[in-house]
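Because only heavy atoms are used, hydrogens play no part in the values below, and waters and symmetry mates are left out as well, while side chains stay in. Counting starts at 1 for both ligands and their atoms, in listed order.
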Amino acid sequence: MKSEGLIGFIGLGNMGRHMAANLAKAGHALVAFDAAGTAERAPPGAQVAASTDEVASRAETVFLSLPDGAASASVAQEIAGAEGRLTACVVDTSTIGVEAACRIAQSLAAAGVEYIDAPVSGGVAGAAAATISTMFAGSAQSFERLFPALKAMSKNPFHVGTQPGQGQAMKLANNFLSGLAMAGTSEAVCFGLSQGLEMKTMLDVLNVSTGRNTATSDKFPNRVVTDTYDAGFLSALYMKDLRLYMQGVQAARTPEDIATACLGVWSRFVDASPGADFTEIYRFIRDSSSGAS
Ligand code: NAD
């Protein structure tokens, strides 16, 4: 076991359970809690807490992996008010948007708790393999202090800034580009097919040419050509990120033309198939056009 004491982990869902397991595997002593049931989600060796209050009374640093800003705000509030609180630092790996991260940081600061905005990218498979990237916004001292824990969960921890919200901005920019690549590649493939090109030929060419992106290099060859559509990322979850990106862009008054078009097509897809995999937007775009087959 590492000597720095217990690390708290709240939210042991698709991402959190793997991140907590990787912390435990690296020898960090953990105390964990999930509102939907901790014992069945906590990694072997972790101490099972009965509540957020209990985690806050036992761990100086607490990681969160929660669904959205409302959940992070409510857990943060509980931590701040916990009886006999030991927690002095909350590291939030959830995707909650710039505004929510700033608001939570402010309310925790008023209670003397540091809030680190540290969302992650790389999906459930990346969380399991500890290959996710972490976009850490907080002080350099905290980044250094937390580096061993971050590295246990994440191959690439980046110190992207010192202000809460900067981690979210980085994550939302990344996810906007990821969805844009998926939707744009779908349209380009439809055009190519309509001209008699083979999808596989197109991908071979694109992947050694200037159109290469994460859809041409990964999603299409591994999820679309194979007809498996199994990226493991729900389209409805992606919409949360894209909407948060638009809110951030509109608040910042930076250009939004491409994002508006991207949001339009993703909204229509998600309205039609909220439970679909992220990669299934290809079928939606193909079937909504008259020329592609
Ligand atoms: P999830 O819904 O599977 O897990 C969230 C967990 O939090 C659940 O187990 C839930 O019971 C628990 N929870 C909710 N409210 C709680 C509360 N008040 N107290 C204690 N526990 C509570 O979600 P996920 O897919 O693991 O995603 C977690 C976060 O990571 C989200 O913000 C998501 O946007 C982000 N993210 C997800 C992915 C992905 O591919 N799934 C990738 C990158 C980032």
Side-chain angles (χ1 to χ4, degrees), residues 8-22 31-43 46 48-56 59 62-82 87 90-98 100-101 104 117-136 153-158 167-168 170-179 182 214 218-219 223 230-245 247-248 270 275-279:
F9 207 108
I10 299 176
L12 305 165
N14 291 324
M15 297 294 284
R17 75 176 68 184
H18 293 299
M19 291 157 72
N22 287 326
V31 54
F33 174 65
D34 190 294
T38 308
E40 61 273 36
R41 291 175 175 79
V48 170
S51 64
T52 289
D53 260 53
E54 185 186 337
V55 174
V62 177
F63 282 81
L64 309 182
S65 176
L66 296 166
D68 52 30
S72 284
S74 131
V75 168
Q77 194 177 16
E78 234 184 295
I79 289 174
T87 303
V90 169
V91 185
D92 195 354
T93 68
S94 324
T95 306
I96 62 173
V98 174
I104 295 169
D117 163 30
V120 297
S121 175
V124 176
T131 55
I132 47 178
S133 49
T134 306
M135 306 163 208
F136 184 104
M153 302 185 298
S154 156
K155 188 176 170 195
N156 294 305
F158 287 97
Q168 294 296 321
M170 186 65 242
K171 162 74 178 166
L172 297 176
N174 175 77
N175 279 26
F176 161 55
L177 290 176
S178 171
M182 194 58 219
T214 53
D218 172 28
K219 313 286 182 350
R223 320 283 178 195
D230 57 352
F233 186 27
L234 277 188
S235 57
L237 267 186
Y238 177 67
M239 271 311 285
K240 177 191 80 165
D241 298 354
L242 194 52
R243 287 206 176 98
L244 288 171
Y245 175 73
Q247 284 165 18
V270 172
D277 189 79
F278 174 82
T279 52

Would you mind telling me if ligand 1 is within reach of the side chain of Ile10, the backbone, both or neither, using heavy atoms under 4.0 Å? side chain
Proximal ligand 1 atoms for [X], defined as those under 4.0 Å from one of its heavy atoms:
| X | value |
| --- | --- |
| Ser65 | 5 (C), 6 (C), 7 (O), 28 (C) |
| Ser94 | 32 (O) |
| Val120 | 43 (C), 44 (C) |
| Gly11 | 7 (O) |
| Pro67 | 5 (C), 7 (O), 14 (C), 31 (C), 32 (O) |
| Ala36 | 11 (O) |

Distance to 0.1 Å, residue and atom name: give those for the protein heavy atom nearest to [atom].
| atom | value |
| --- | --- |
| atom 40 (O) of ligand 1 | Gly123 CA, 3.6 Å |
| atom 17 (C) of ligand 1 | Val75 CG2, 3.8 Å |
| atom 39 (C) of ligand 1 | Met15 SD, 3.6 Å |
| atom 34 (O) of ligand 1 | Lys240 NZ, 2.8 Å |
| atom 25 (O) of ligand 1 | Asn14 CB, 3.6 Å |
| atom 35 (C) of ligand 1 | Thr95 OG1, 3.6 Å |
| atom 6 (C) of ligand 1 | Asp34 OD2, 3.6 Å |
| atom 20 (C) of ligand 1 | Ala35 N, 3.3 Å |

Heavy-atom pair of closest approach, residues Arg41 and Ala36: NH1-O, 2.9 Å
Answer yes or no for atom 23 (O) of ligand 1: protein heavy atom present at a distance under 4.0 Å? no
In a table with atom names and distances, give each donor-acceptor pair under 3.5 Å that connects a side chain of residues 70-77 to protein atoms at least two apart or in another chain.
| residue | atom | partner | partner atom | Å |
| --- | --- | --- | --- | --- |
| Ser72 | OG | Asp92 | OD2 | 2.8 |

Students often mix this up, so state it plainly: with edges at 30° and 60°, are the rings of Phe233 and Tyr238 parallel, tilted or perpendicular? perpendicular
State which residue, out of Thr95, Thr93, Asn156, fulfils the side-chain contact (heavy atoms from CB on, under 4.5 Å) condition with Val120. Thr93
On a heavy-atom basis, I'd like to know which of Asp68, Leu66, Leu64, Asp241 is closest to atom 13 (N) of ligand 1. Leu66
Sub-4.0 Å heavy-atom contact, Lys171 with ligand 1: yes
